[in-house]
Colleague: 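Here you go, one structure.
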Amino acid sequence: MWNLGKLASTVQQNCHISDARHASDYTVCIYLLKMREFYRWENDIPLTGQLPREEVGNWLQERERLWDGLETQAYEPIPLERGIADPFDSKSINDELAPRGYVYSAGYGRFNKPHFFLAALARTEQRAGFTIYTSSCEYARDMDAPPAMLQQQNIFVRQESVRRFLWEKVEEWRWNRKNEAMAQALADYPFDDDPANALERMTQHETESMVLHELGEGMAGELLGNDWNAMLIDVSHSKAEIMARAVRDLLADSLSTLPGLVAGDNAASLHFHFATFSGMRRHLYPEALDTYRQWARNHDTDQLQRLADTGRERWLATARAMLDIHRTCGSEAAPRIEQLLEPRSA
């Protein structure tokens with residue numbers, strides 16, 4: 001018999017197991033930020049609502065006690081009307097759930113952490129050979145909820161997570177208004193007068209940006225093959241893994257995100273793309289921000305298209321060079337990959 005409650009509780013249990021195994025992967029600061037937002041989700045507290053500090057602290061202690069007994073447990077099979085399914089068989093599970101208006105996902109993120117979620121299905125579309133599932137209300141999730149993920153030929157976009165991610169960026173900018181690109185991105189939305197409407201409009205626009213990026217990830221995967229994932233496993237928990245993920249992001253953006261945003265002529269999304277161009281991507285490709293600043297002054301999108309064309313060649317060649325190193329060095333490839341991307345690091 002169909003039982004949504006049992007399904008949701010099983011998925012949530014697998015989320016707890018994943019969190020128990022991987023909570024220590026994060027720095028203390030990142031861990032606490034993620035857990036605060038997880039508490040907000042579990043207790044249905046609006047993004048603008050204040051979190052009760054003492055209650056959050058008590059909840060965190062209870063959650064960590066729950067994890068103590070879960071780290072060694074196996075992930076539970078997913079109960080469906082036709083029987084049970086492997087928790088990582090998203091396609092088979094969605095074959096039953098999607099017609100009922102639900103969507104499920106199980107994939108691997110940074111540090112090879114499994115991410116599970118169950119949500120209401122808002123819409124499904126086909127684009128460039130990929131099936132795009134966009135979800136709304138989430139019934140089960142883990143402490144880290146990526147806004148979008150690619151799994152084989154499927155793209156999962158989680159609008160609850162997109163909305164939360166955008167609100168965090170808005171709040172960051174309000175605390176420190178030095179990010180001029182973010183100021184330009186937010187200027188098109190009435191956050192001062194009608195923040196709820198502004199957030200919804202921005203969510204719709206940036207959902208498309210995330211779809212474009214995941215399509216680029218799919219294109220990159222087709223160019224790089226299955227050896228890429230094997231390399232990521234061998235360099236897991238190293239600087240080389242962070243570099244590898246950044247290189248693939250840069251390739252995906254060159255293949256799809258930037259060309260798509262330029263074609264869509266959405267200035268706010270272009271500003272936002274570069275406002276969030278940070279971390280290792282920025283470290284490896286600072287000239288991208290120089291091109292953005294030129295575009296912000298003269299609005300000549302040909303410059304951005306040339307950036308995408310140049311980036312496509314550069315980052316595909318870089319990614320293939322990383323794969324060559326891995327084929328030669330195997331599990332010892334991390335230092336060589338770091339040296340390739342940043343010679344002074346070796």
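Throughout, numbering of the chain's residues begins at 1 and tracks the sequence.
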Colleague: Going by an N to O cut-off under 4.0 Å, is there a salt bridge joining Glu81 and Arg100?
Modeller: yes

Colleague: Considering residues at least two apart in sequence or located in another chain, which fulfil the side-chain contact (heavy atoms from CB on, under 4.5 Å) criterion with Asn179?
Modeller: Trp173, Ala181, Met182, Ala275

Colleague: Cut-off 3.5 Å, side chains only: do Ser136 and Gln159 have a donor facing an acceptor?
Modeller: no

Colleague: Using a strict cut-off of less than 4.0 Å between a Lys/Arg side-chain nitrogen and an Asp/Glu carboxylate oxygen, indicate whether Arg314 and Glu287 qualify as a salt bridge.
Modeller: yes

Colleague: Evaluate Leu258 against Leu270 for side chain to side chain contact (heavy atoms under 4.5 Å, CB included), listing each step before the verdict.
Modeller: CA-CA 8 Å; Leu258 262 182; Leu270 281 165; 4.0 Å; yes

Colleague: Is the shortest side-chain N to carboxylate O distance from Glu180 to Arg293 below 4.0 Å?
Modeller: no

Colleague: Could you work out the complete set of other residues in the hydrophobic cluster of Phe156, with links drawn between I, L, V, M, F, W and Y side chains under 4.5 Å apart?
Modeller: Val103, Phe117, Leu121, Tyr133

Colleague: Sequence neighbours excluded, which residues qualify as side-chain contact (heavy atoms from CB on, under 4.5 Å) partners of Leu340?
Modeller: Ala321, Met322, Ile325

Colleague: Between the side chains of His213 and Asp249, is a donor N or O closer than 3.5 angstrom to an acceptor N or O?
Modeller: yes

Colleague: Examine distances only and state if a side-chain atom of Arg281 and a backbone atom of Thr276 form a donor-acceptor pair shorter than 3.5 Å.
Modeller: yes

Colleague: Which residues pass the side-chain contact (heavy atoms from CB on, under 4.5 Å) test with Arg201, not counting sequence neighbours?
Modeller: Tyr189, Pro190, Asn197

Colleague: Pairing donors with acceptors under 3.5 angstrom, does anything connect the side chains of Gln151 and Ser90?
Modeller: yes

Colleague: Can you list every side-chain hydrogen bond (donor to acceptor under 3.5 Å, both in side chains) pair that touches residues 11-20, not counting sequence neighbours?
Modeller: Ser18-Lys113, Asp19-Lys113

Colleague: Among the clusters formed by ILVMFWY side chains lying less than 4.5 Å apart, do Met149 and Trp41 turn up in the same one?
Modeller: no

Colleague: Can you list the steps and then say if Tyr292 with His271 is a ring-ring contact (aromatic ring centres under 6.0 Å, His included)?
Modeller: CA-CA 8 Å; Tyr292 160 73; His271 285 299; 5.7 Å; yes

Colleague: Could you tell me whether the side chain of Ser236 and the main chain of Leu232 form a donor-acceptor pair under 3.5 Å?
Modeller: no

Colleague: Below 4.0 angstrom, N of the basic side chain to O of the carboxylate: do Glu160 and Arg164 qualify?
Modeller: no

Colleague: Charged N to carboxylate O below 4.0 Å: is that the case for Asp144 and Arg110?
Modeller: no

Colleague: Does a donor on one side chain and an acceptor on the other come within less than 3.5 Å for Glu206 and Ser209?
Modeller: yes

Colleague: If the threshold is 4.0 Å, N to carboxylate O, is there a salt bridge linking Glu42 and Arg63?
Modeller: yes

Colleague: Decide whether Gln305 and Asp309 meet the rule of one side-chain donor and one side-chain acceptor closer than 3.5 Å.
Modeller: yes

Colleague: Applying the 4.5 Å side-chain criterion to the ILVMFWY set and letting contacts propagate, would Phe116 and Ile84 be lumped into a single cluster?
Modeller: no

Colleague: I'd like to know if Lys91 and Asp95 make a salt bridge, using a cut-off of under 4.0 Å between side-chain N and carboxylate O.
Modeller: yes

Colleague: Please walk me through it: do Tyr39 and Glu55 pass side chain to side chain contact (heavy atoms under 4.5 Å, CB included)?
Modeller: CA-CA 10 Å; Tyr39 176 90; Glu55 292 180 21; 3.3 Å; yes

Colleague: Given the rule in the side chain to side chain contact (heavy atoms under 4.5 Å, CB included) test, do Leu7 and Asn3 qualify, once you have shown the distances and angles that lead to the verdict?
Modeller: CA-CA 6 Å; Leu7 172 63; Asn3 188 327; over 6 Å; no

Colleague: When you check the gap from the basic side-chain N to the acidic O, do Glu208 and Arg127 get nearer than 4.0 Å?
Modeller: yes

Colleague: I'd like to know if Leu33 and Trp67 are part of one continuous hydrophobic network [Ile/Leu/Val/Met/Phe/Trp/Tyr, side-chain heavy atoms within less than 4.5 Å].
Modeller: no

Colleague: For Ser92, what residues pass the side-chain contact (heavy atoms from CB on, under 4.5 Å) criterion, not counting sequence neighbours?
Modeller: Arg82, Asp89

Colleague: Are Asp68 and Arg65 ion-paired here, with the side-chain N under 4.0 Å from a carboxylate O?
Modeller: no

Colleague: Using the six-membered ring of Tyr75, assess whether NZ or CZ of Arg21 lies under 6.0 Å from its centre and within 45 degrees of the ring axis.
Modeller: yes

Colleague: May I ask whether Trp295 and Leu212 are part of the same hydrophobic cluster, defined by side-chain heavy atoms of I, L, V, M, F, W, Y residues being less than 4.5 angstrom apart, directly or through others?
Modeller: yes

